[in-house]
Number of protein chains: 2
Amino acid sequence: MTEIRPETRPEARPTTRSGGRQRASHSLEAVVGEAVALLDEAGEAALTFRALAARLGGGVGSIYWYVSGKDELLARASDHVLAGVLAATEGAAGSSDPVDDLRVIAVAFFEAVSSRPWLGAYFLRDVDLQPNAVLLYERLGQQVLRLHLPPRESFHAVSAVMGYVIGTAADLGRRPEAAGGDPVEHERGLDDLVQRWRELDPGRFPFIRHVVEEFAVHRDDEQFLAGLDLLLAGLRLQADRRA
Amino acid sequence: MTEIRPETRPEARPTTRSGGRQRASHSLEAVVGEAVALLDEAGEAALTFRALAARLGGGVGSIYWYVSGKDELLARASDHVLAGVLAATEGAAGSSDPVDDLRVIAVAFFEAVSSRPWLGAYFLRDVDLQPNAVLLYERLGQQVLRLHLPPRESFHAVSAVMGYVIGTAADLGRRPEAAGGDPVEHERGLDDLVQRWRELDPGRFPFIRHVVEEFAVHRDDEQFLAGLDLLLAGLRLQADRRA
DNA sequence: ACCTGAACACCGTTCAAGT
DNA sequence: ACCTGAACACCGTTCAAGT
């Protein structure tokens, strides 16, 4: 996954005045960039106006000069990350199979969201603040366009892919290792759960008993891909029927 | 959708002592029930320990006798709602088509989550606190079991359906009318967006131009069903191949 | 065994005052 | 035009004190 992060950390530039006192100087880019850095390093709970201000080397109040509040900050942070997804899928529309291309974009999108559980909740909330989200929507859609489905089916197909990506990513991403939690402790908790599920009554829980060993060894990314491929198989079927 | 809510609002029972002073008396059921009522009436932001205590007619501290904190309260609230989904899908395993039955359960699940955007984030977070979530998972799984897929495919199929349901529901449910916002104002904002999208450059945004009129008239539930049917079509295909 | 509510350590947001 | 930081109105959580 391509990270969008300025090469030079956007430090607050202390403008030294003749005499002595310093004032920090920011920019929207610096505010949003540091917010994403804070989120990536320490998770959603760590993004505080006080913590962000400290990182920027200034006061809390100055952040409000650039964003109207925390909602807008997170909306912009979300779009900032999406710029990386767009960059990573720049040439993804090249293959002869539109569904394959759709898949590549969906995977890049998934990778960005699953390591950032907060992203899904703010994706495409405010179109004005999130031009990259609109571009990503359009890029997913352009692959579907090549299937020559009617508008209604085209709209539904892209909505379905986005819903699946965000839902699965948020679901898998909220596990401790994705946030700042201890992976070892998480692994132990998962083993405990598997052990208890192995001992469930097969009469009452035939399904869990049927899949528990798969659950024990599953990998999140494979689980995501398997479901995505079911969805895309359904889409292919629909496209073939229409053709 | 079937609501699980006690017929008699679980008022705090003031235990009158001879002499005069009263003390509220709660129960886990009352605490969780009132939490869900508060969430349903006024949204996630309204669920405050102070507001909940006032509703229960007691002090803030007493809530901590029943739950360890806000996370556990929301996990239990989530499971409380899921009891309704289970009740509503009690006889859903009766048809001759397992995928149809899977669909019925998924729809009931979707209805519960889309009107409660907070639910998805807490679904199946803590298996010990959420027996109904496990039962719902098992019930979805039992339909898949009838397709006689290998464990790995079975596991992936149920994971995919759950991911899609939660993702789409959270996405659609965060629109203002689902929370406590003004539906009229929301409608106006949507009209504005549609108008701006109609004027986008067709060279740069061919997909959005292709679907904008569908977007303008779309209904959330139909959008959900269309995507679900794509996923289920893929699942059917997989089951047929294996047979 | 269970309830109370003041107190604590945080939040996001505002705003008069600065430069 | 932009930055500052004290102040405000909230939070979730704790805990000594009650019954």
Side-chain angles (χ1 to χ4, degrees), chain A residues 10-32 34-35 38-39 42-77 118 121-122 125-126 129 180, chain B residues 10-32 34-35 38-39 42-77 118 121-122 125-126 129 180:
Chain A
E11 304 275 357
R13 287 176 281 113
T15 23
T16 322
R17 290 299 196 105
S18 63
R21 269 195 41 118
Q22 301 194 335
R23 276 177 89 198
S25 168
H26 312 311
S27 69
L28 179 58
E29 172 66 23
V31 168
V32 174
E34 284 303 296
L38 203 46
L39 286 162
E44 189 170 6
L47 181 63
T48 285
F49 274 72
R50 284 166 177 84
L52 182 57
R55 241 185 131 100
L56 289 162
V60 255
S62 28
I63 299 168
Y64 286 89
W65 185 260
Y66 297 97
V67 293
S68 65
K70 201 170 189 185
D71 265 0
E72 182 179 328
L73 179 60
L74 275 158
R76 289 193 188 275
W118 52 271
Y122 286 89
R125 260 207 205 184
D126 187 322
L129 303 174
Chain B
E11 302 276 357
R13 288 177 279 112
T15 24
T16 322
R17 291 296 196 105
S18 63
R21 266 194 46 114
Q22 302 194 336
R23 276 177 90 197
S25 168
H26 312 313
S27 69
L28 179 57
E29 171 67 23
V31 168
V32 175
E34 283 304 296
L38 204 45
L39 286 162
E44 189 170 6
L47 181 62
T48 286
F49 275 71
R50 285 167 178 83
L52 182 56
R55 242 185 131 100
L56 289 161
V60 254
S62 28
I63 298 169
Y64 286 89
W65 186 260
Y66 297 97
V67 293
S68 64
K70 201 169 187 185
D71 264 0
E72 183 178 327
L73 179 61
L74 276 158
R76 289 194 189 275
W118 53 272
Y122 286 90
R125 259 207 206 184
D126 188 323
L129 303 175

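Below, chains carry the letters A, B, ... as their sequence lines are ordered, and counting in each starts from 1.
Note that CD of A:Glu34 and CD1 of A:Ile63 are 10.5 Å apart. Values are rounded to the nearest 0.5 Å.
Contacts between residues 64-74 of chain A and DNA chain C, defined by a heavy-atom separation below 4.0 Å, involve A:Tyr64, A:Gly69, A:Lys70, listed by number. Taking a 4.0 Å limit (strictly below) on heavy-atom distances, residues 44-53 of chain B reaches DNA chain D at B:Leu47, B:Thr48, B:Phe49, B:Arg50.
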Side-chain donor-acceptor pairs of residues 66-74 of chain A under 3.5 Å, sequence neighbours excluded:
from    : atom 1 : to      : atom 2 : distance (Å)
A:Tyr66 : OH     : A:His26 : O      : 3.2
A:Ser68 : OG     : A:Glu72 : OE1    : 2.8
A:Lys70 : NZ     : A:Leu47 : O      : 2.8
A:Glu72 : OE1    : A:Ser68 : N      : 3.2
A:Glu72 : OE2    : A:Arg76 : NE     : 2.9
A:Glu72 : OE2    : A:Arg76 : NH2    : 3.0

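At whole-Å resolution of the value, CD1 in B:Ile63 and C1' in C:dG5 are 12 Å apart. Nucleotide C:dC11 holds its P atom 11 Å from the CG atom of A:Leu38, rounded to whole Å. If you measure from atom NE2 of B:His26 to atom P of D:dT19, you get 17 Å, rounded to the nearest angstrom. The interatomic distance linking B:Arg23 (CZ) with C:dT4 (C1') rounds to 8 Å, in whole Å.
Stem regions annotated for DNA chain C: C:4-8 with D:12-16, C:12-16 with D:4-8, counting only runs of 3 or more consecutive pairs of Watson-Crick or G-U type with both contacts under 3.5 Å.
Here the closest heavy-atom approach between residue B:Ala24 and residue B:Gly57 is recorded as CB-O, 3.3 Å. Considering every non-hydrogen atom in both A:Ala35 and A:Leu52, the closest pair reads N-CD1, 3.7 Å. Closest approach of B:Ala30 to B:Leu56, counting heavy atoms only: O-CD2, 3.9 Å. Contact between A:Ser62 and A:Gly59 at its shortest, heavy atoms only, is OG-O, 2.8 Å.
The phosphate of C:dT4 (OP1 or OP2) has a side-chain N or O of B:Ser62 nearer than 4.0 angstrom.
For A:Tyr64, the ring pair (Phe, Tyr, Trp, His ring centres under 6.0 Å) partners two or more places apart in sequence, or in a different chain, are A:Phe49. Residues that satisfy the side chain to side chain contact (heavy atoms under 4.5 Å, CB included) test with B:Ala51, not counting sequence neighbours, are B:Leu38, B:Thr48.
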